[in-house]
Amino acid sequence: MRAKRGITDIIKKIKEEKKRSFVEAHERFLAIAKGGIATPVYLIDETLIEQNMLILQLVKSLTGCKILHALKAYASYSTFPVMSRYLDGICASGLNEARLGREEFKKEVHTFGAAYREKDIRQILKHSDSIIFNSFYQLEKYGKMAKKMGVEVGLRVNPGYAEVENQMYNPCAPYSRLGVIYDIFEGEFHKHRDIVDGIHFHALCEQNADVLERVLKSFEALYGNYIYGLKWVNFGGGHHITRDDYDLELLIGLVNTFKKKYGVQVYLEPGEASVLDAGVLVSSVLDIVENDIKIAIIDASAETHMPDVLLMPYRPYIMGSGKPNEKEHTYRIAGPSCLAGDVIGDYSFDEPLKRGDRLVFTDMALYSIVKNTTFNGINLPDITVIRNTKLQIVKRFGYKDYKCRQS
Ligand SMILES: *Cc1c(COP(=O)(O)O)cnc(C)c1O
C-alpha cells in the first residue's frame, strides 16, 4: 500500500512539473511569435519533449518494459539526442525510417511494414534489429534471411477488437489489411513458430489505458496460448501516455501483469506521446477578406502544413482564441492555397485581427512536420528548436525544396 502511495505521489509530481514547464514554454512561444520571427515556422521546445520523456521513463522503470518512439509521428532528428537518452529506440515503417533511426537515434530499430519491396529488404534488415511481418507469405519469404542477418522476427496480428471510431484511423476496422486475422493465424502459426521471436498488435489511437485493457482482453483470449515461450509482445502505439488525464497506474499494472503471466518482454511504441504538446506552428495574417463573414488568410495552410485538420478532421487550438462568437471578433482562418477547402476553422478573438498579426497553433510537433507537402508551391515552414530557452533554426526551406521534388 505504501509503495502504491509512493507511485501515485511520483506521478502527481511529474505531472505538476510538466504543467509548469508547459505554461512557461507557451509564454516563450508567444514572445517569440510576437518578436518578429519569420513565418511560417515550427517552434519545438526540448524542455517539453524532456517532460514527456520523464513520464515514459517512469513507465519503463516501474515495469521493465521497453519504449520505442514511432518515427511516423515525428522525425525531427535534431531533438533525437534528448529522446534517445530515455527511450530504447524507434519503430519504423520501412527503409527510410529504419535508416534514419539507425543513423540518428542510434538505438534499437523495429520495423513494421504492411508489405516490403524485395529490392528494399536487405537494406531494411541491415538497419533493423527486429522486423515485423504482416502476412505468413512475407514471413516465409524473408524470415530466414532476417534470422541469418541477426534480426529478430515478429508477426503482426489483428487483436480482434478496437474502439477507434474514425475508420480512417482504425487498424481493426472491417476488412483491415493490418495484422493477420485469428482465423488464418490459427491454421498457419505452428508452421512458423520456430523463427518467430515476438508478436505485435497495434489497435489504439490517442487512447487511454482503459482501452488497452479491453484490447488486451481480446488479444489474450485469441492469442494467449501462443505467447508462452516468445521473447516479446509489442503493444503497438496510440497510447496517449503523456496526456494529463492518462491513467499511468493502470498501464503500469497491465504491463506488469502481462509480463508476469507470459514471461515475455513488452514493447510500447507510441509516436504522439513522445512529442505531445511539445511544439507549435506560428503563422502570420497576410490579408483579411470578406464574404458575408470575415476571413483571415494566413501564410500556413491546412492542406500542406496540418493535413490532419482536414483528414481527421479536427480544429487545432490557436493561443488566445475562443470558439466562434465566444469573443468579440470572429474570423474564419484559412490557408493561402487555391484549394477552396483549405480552411483551418472559425475562431474568435478579443481584438480585431490585423494584417501581420501572428497566430500560434498549438500541439503541432506531431503528424505535421512529417506530413508536410509543397502542394501549390507553398513553402514549407522553418523548423526551430528551443534548447535551454535559446532558439535555434535547424532547417530553413525554400525554392530548392519545391523544385527538387519535381522534374
Ligand atoms: C502509427 C503507429 C504507431 C504510433 O502511433 P501513435 O498514435 O503516434 O502513438 C506505432 N506503431 C504502429 C504500427 C503504427 O502504425
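Just so you know, ligand 1 is whichever comes first in the structure, and atom 1 is the first atom listed for that ligand. In what follows, residues are counted from 1 in the order of the sequence shown.
The contact shell of ligand 1, taken as protein residues with any non-hydrogen atom closer than 4.0 angstrom, comprises A70, K72, A73, R156, H200, H202, G237, G238, E269, P270, G271, E272, Y367.
Within the structure, the side chain to side chain donor-acceptor pair (under 3.5 Å) test picks out the following pairs touching residues 54-64 (sequence neighbours left out): K60-D88.
Between F361 and Y347, the ring planes are perpendicular. Angles over 60° get that label, and only those under 30° would be called parallel.
For the salt bridge (charged side-chain N to carboxylate O under 4.0 Å, His left out) with D244, the qualifying choice from K12, K19, K18 is K19, the only one to do so. In summary, of the residues considered (R102, K106, K107), a salt bridge (charged side-chain N to carboxylate O under 4.0 Å, His left out) with D129 occurs for R102 alone.
Taking the ring pair (Phe, Tyr, Trp, His ring centres under 6.0 Å) definition, one finds that Y223 meets it with Y182, F185, F219, sequence neighbours left out. Partners of K34 under the side-chain contact (heavy atoms from CB on, under 4.5 Å) rule, at least two apart in sequence or in another chain, are L30.
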